[in-house]
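Right, one structure below, let's go through it.
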Amino acid sequence: MPAQQIQKGTTYADFPAANSQVTAGNLNDHVDQAVLLPGAISAQNSSTPQVGDFVIAERTGSLFKYTLESIRTLFSAVFVQLTGGTMTGALILNNSTPATSATAASKGYVDSTAASAAASAAASAVALRVPSGTIVMWGGGVPPSGWLECNGQSTTGSAALIAIYGTNLPDLRGEFIRGWDNGKGVDPGRNVRSLQGQDIQPHTHLSNCIGFANPRINWQGTEGLAYNIYNNTQTGSAGGTETRPRNVALMFIVKT
């Protein structure tokens, strides 16, 4: 077809025959060679697409007319709707930091942020952890992981325990704990962790008995009976194997 101008109302020789149509070749010639004049293409006055609006698309060498509604239906299974849509494939995002709270974050960004938060939490936990060598009382029969019973065992293999306790842990089984005097003067002359044997402060017991044999002091009773008073007699032995207050048995353990 020779080059021609596309003008408003342009028709073809066989128009308005029933079999008249604009072929893809006709359209290509118009696009390649024609000059568009004012008014050749009408303007869409409304910013909102209408159901009756349509576009021309080429399929198998022919031009077909599609309404906007039909196109929307065609692509609804391919593209996610602005609201209420469901995506079945993978959404690929870059690793840039989201600009606002409503911006989507990529998996890479989330993984990096989570790893950073975990590292920060771990560092805080290390800073607050119990120092090696700390002794506490434990209510179970077996020390928890990272702890040892204070039973006098060797500290070999633990530089931290060796620095504090030397070659062996203190054996605190069956022992009471007393605060180290450290110059106060209540319990002087002792080193930290030194063992102290049991003891009792000096005291006296007064024991007088009245009997009838071997008199040392005679006293005439009011009814004429002779009573003998004995001094410095020994009292009978009473008590257990040690002097102790009421107590509860717990295990002393040390942090490795």
Side-chain angles (χ1 to χ4, degrees), residues 3-10 21-134 136 138-140 142-148 158-160 253-256:
Q4 59 179 293
Q5 295 178 341
I6 298 179
Q7 300 181 21
K8 181 185 295 185
T10 297
Q21 65 175 353
V22 178
T23 67
N26 298 145
L27 186 60
N28 286 336
D29 287 340
H30 282 295
V31 172
D32 292 340
Q33 303 177 32
V35 177
L36 297 181
L37 299 178
I41 300 177
S42 62
Q44 171 68 50
N45 295 326
S46 174
S47 60
T48 303
Q50 303 300 312
V51 174
D53 293 342
F54 66 91
V55 295
I56 300 298
E58 178 188 356
R59 292 185 64 186
T60 64
S62 299
L63 296 178
F64 292 86
K65 175 181 176 181
Y66 290 96
T67 65
L68 295 182
E69 185 63 27
S70 64
I71 294 176
R72 185 181 299 110
T73 302
L74 176 65
F75 287 101
S76 62
V78 180
F79 297 101
V80 178
Q81 298 179 9
L82 182 60
T83 58
T86 301
M87 185 180 67
T88 58
L91 175 64
I92 307 299
L93 300 175
N94 60 33
N95 290 332
S96 61
T97 302
T100 64
S101 59
T103 304
S106 68
K107 182 179 183 299
Y109 171 78
V110 173
D111 289 346
S112 175
T113 302
S116 177
S120 178
S124 297
V126 169
L128 296 176
R129 69 181 183 181
V130 177
S132 296
T134 299
V136 299
W138 175 248
V142 178
S145 177
W147 296 76
L148 296 173
S158 176
I253 58 176
V254 61
K255 184 70 174 67
T256 58

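- Of the possible polar contacts, none joining the S116 side chain to the T113 backbone as a donor-acceptor pair under 3.5 Å is found.
- Minimum interatomic distance between W138 and P143 (heavy atoms only, all atoms of both residues): NE1-CA, 4.1 Å.
- Using modelled atom types and a 3.5 Å distance limit, the side chains of S70 and T67 yield a donor-acceptor pair.
- Counting heavy atoms from C-beta on, the side chains of V142 and W147 never come closer than 4.5 Å.
- At least one donor-acceptor pair under 3.5 Å links the side chain of T256 to the backbone N or O of G146.
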Residues L148, I253; criterion side chain to side chain contact (heavy atoms under 4.5 Å, CB included); working and verdict:
CA-CA 5 Å; L148 296 173; I253 58 176; over 6 Å; no
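- L93 is linked by a side-chain contact (heavy atoms from CB on, under 4.5 Å) to L91, A104, S106, counting only residues two or more places apart in sequence or in another chain.
- Shortest non-hydrogen contact noted between K255 and V130 is CG-O, 3.9 Å.
- Looking at residues two or more places apart in sequence or on another chain, you find a side-chain contact (heavy atoms from CB on, under 4.5 Å) between A105 and P98, Y109, V110.
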